[in-house]
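Worksheet: the structure to be examined is printed underneath.
This structure is a prediction, so every number in the text was calculated from the model and none was measured. Chain identifiers are assigned alphabetically (A, B, ...) following the order of the sequence lines, protein sequences preceding nucleic acid strands; residue numbering begins at 1 within each chain.
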Protein chains: 2
Amino acid sequence: MALERIQRRSLPGEVYDQLLRELVDGGYPAGQPLPSERRLAEALGVSRPAVREALQRMSHAGLVDVRQGGATTVTDFRRSGGLDLLPHLLLPGGGIDLAVARSILEARLAIGPKVAELAATRGGPTAADVLDRAVAELAADTDPVGRQRRALVFWEHVVEAADSIAFRLMFNSLRAAYEPALPALATVMAAEVDRIGDYRALTAAVVAARPDDAHRLAHDLLGNATRELLHAIDTLDGDRP
Amino acid sequence: MALERIQRRSLPGEVYDQLLRELVDGGYPAGQPLPSERRLAEALGVSRPAVREALQRMSHAGLVDVRQGGATTVTDFRRSGGLDLLPHLLLPGGGIDLAVARSILEARLAIGPKVAELAATRGGPTAADVLDRAVAELAADTDPVGRQRRALVFWEHVVEAADSIAFRLMFNSLRAAYEPALPALATVMAAEVDRIGDYRALTAAVVAARPDDAHRLAHDLLGNATRELLHAIDTLDGDRP
DNA sequence: TGCCATAACTGGTCTGACCACTTGACCACC
DNA sequence: GGTGGTCAAGTGGTCAGACCAGTTATGGCA
C-alpha cells in the first residue's frame, strides 16, 4: 500500500476551484456579472475575505474583471487568460479534456526542438554531466509514471541549457499542466520515454554543440508519441479532420 | 495634449510589486525566509490582510512557498514560476531587461510560424474577413505604437484560427509581456509592422489553407525584425556570442 | 539521550466596522 | 432636452481585533 502525500486544502483555494469550474463549464458566460462577495460568502458558507481572496486570484488569472463599486464580471478567459491557466483546463473535472491535451502536445512539439537547438548553441557543452546523469536515471527507472518524471527532469536540464527565460517559464507552465495527467498518459507515453537511445543521441548533439542535429533529433523524439497520441485523440474525438 | 487612462492602484497590488521587485533584484535569494506577515505589515504601513493578499498572489505565481505555522520562503522563480510572470521580468524597474527581451523574441519566432501553419490547416478559410480587416486597419494606422497594436490584433486572429488553447493562452501571456514595452520598441519594430505586403501574403496563405506557405511566410515576417532586434541586443549586451 | 509538554511564533480564518467608488434616480437650471 | 448636483443603495477595498491551526524550539524529566 503506497502512502500518498496529503494535499492541503485552503478555503479560498476551494472557492477558487469551484468558481473556476463553474466558469469553464460555461455556467457564467463572458460579460455576465457574478454575485456579490457578500452573496457568494453566504451561499458558500465561508467568510467574505475567503471569497475575496478567491476572486482576486481569479482576477489576476484573467478570469474575471473586478471593479470597485460595481459587480465583478466574467471575462472570456481565452482572450484574457494566460498560460498558467492550462492546468485548470486539462483536467477540469477529473477527466482529460481532449482538445486541451491535443493543444499541449502540439505546443511541445513546436517548442521542444527549438529549445534543444538553443541548448546546443548555448549551454549544452557545460551541461554534459547533468544531461548524462538524467538519461541514466531515465533508463534505470522502469516505473511508467516514474520514467515520465525522469523525462521531464531531462527536459528541464535541456531548457535550462537553452538560457531563455521565456522558454524556461513556458516549460514550467506546460509541466504544471502535464504533471497531474502523468498516470493517465503513462501507457501511451511509453512510446517516447522508452526510447533511451534517442535521449542519448539528443544529449550527444546538445553537448557537441550541433544545433541542427539537436533540433531534428528532438523533433523526431517528441514527434513519435505526439503522432500516436494525436491519433488516439482523433479517434476518441471523432469529428476532427 | 493626450489624455491617458488613470491607472488604479490597490494596496495589495503595490505590496506585490514591491516584494516582487525585491525578489527579482536578488534581495531575497531562493530558500531565504521572508519576514512574517505581521512584520511586513508593520514595515510597509498597511494591514496584515493586504500583505496576506500580496503573499498569496506571489505564492500562486510560484515566487514564494507559504506554509502554515512556518516562515514564507522564497523559491527560485526560474524553476517554479510560470509564463505569466514574464511581464514582471521584462520591465522590472522601468527599463527593459535585454535577456528577457531576447528570449521573448526567440519564443515568438518559434511559435508564430507554427500558429500560422495551424491556422492555415484549421480555421483560416473562415477567418478571411477578420484577417483582411485586421490587415487593412494595420495599413491605415500610421502611428508607430498604434501599428504595433494592430499587428497584435492581427496575430490574435491568427492564433484564434489556429484553434489551440495552449497557443492561445501562450499568445496572451507573451502579449501581456510585450504590450507595456510597445513605445520603447516602436522604431525597431517598424522593420516588421511596416511590411504590409507580407501580412497580406500571410493572410492569403492562411485563408487558402496552405500551411507550408503560411509557416514560411510567418517565419520570414517575424524573422526580419527579430534578427535586427537580436543584433541590437547583442550590441548593447556586449558579451553574447 | 530521547521523549513529552509548553511557549512562542507563524500562517489561516472570521466578524464587524468603516471607507471608497459606482450606479441609478430625481431634481433644478439653462 | 441637456447638463450638473444630490442622495440612496449597492458594490468592492481596507482595517482592527480576535481566535484557530500548525510548526518549531526549548526545557524538564525519566
Note to self: Among residues at least two apart in sequence or on other chains, which ones pass salt bridge (Lys or Arg N to Asp or Glu O under 4.0 Å) with B:Glu42?
What the structure shows: none

Margin query: Strictly distance-based, threshold 3.5 Å: is any side-chain N or O of A:Asn172 a donor or acceptor partner for the main-chain N or O of B:Leu83?
Written below: no

Note to self: Rounded to whole Å, how long is the line connecting atom CZ of A:Arg9 with atom P of D:dG22?
What the structure shows: 15 Å

Next item on the list: By nearest nucleotide on DNA chain C, pick out whichever of B:Arg39 and A:Ser10 is the more 5' one.
Entry: B:Arg39

Next item on the list: Check whether the side chain of A:Arg38 and the base of D:dG12 form a donor-acceptor pair under 3.5 Å.
Entry: yes

Next item on the list: Determine the contact category for B:Glu53: base if any of its heavy atoms lies under 4.0 Å from a base atom, sugar-phosphate if only primed atoms, P, OP1 or OP2 are that close, otherwise nothing.
Entry: nothing

Next item on the list: Anything under 4.0 Å to a heavy atom of chain B counts; send over the first and last such nucleotide of DNA chain C, read 5' to 3'.
Entry: C:dT10 to C:dT22

Note to self: For A:Glu14, is the CD atom crowded, meaning more than 12 foreign heavy atoms sit under 6.0 Å from it?
What the structure shows: yes

Pairs: protein N or O with nucleotides 24-27 of chain D N or O, under 3.5 Å:
unit_1, atom_1, unit_2, atom_2, d
D:dT24, OP1, B:Arg67, NH2, 3.3

Checklist line | Pairwise side chain to side chain donor-acceptor pair (under 3.5 Å) hits with a residue in residues 25-37 of chain B, at least two apart | finding: B:Glu37-B:Arg48, B:Glu37-B:Arg52

Item checked: Partner set under side chain to side chain donor-acceptor pair (under 3.5 Å) for B:Arg57, not counting sequence neighbours -> A:His60

Check: Mind checking what makes salt bridge (Lys or Arg N to Asp or Glu O under 4.0 Å) contact with A:Arg175, not counting sequence neighbours?
Finding: A:Glu156

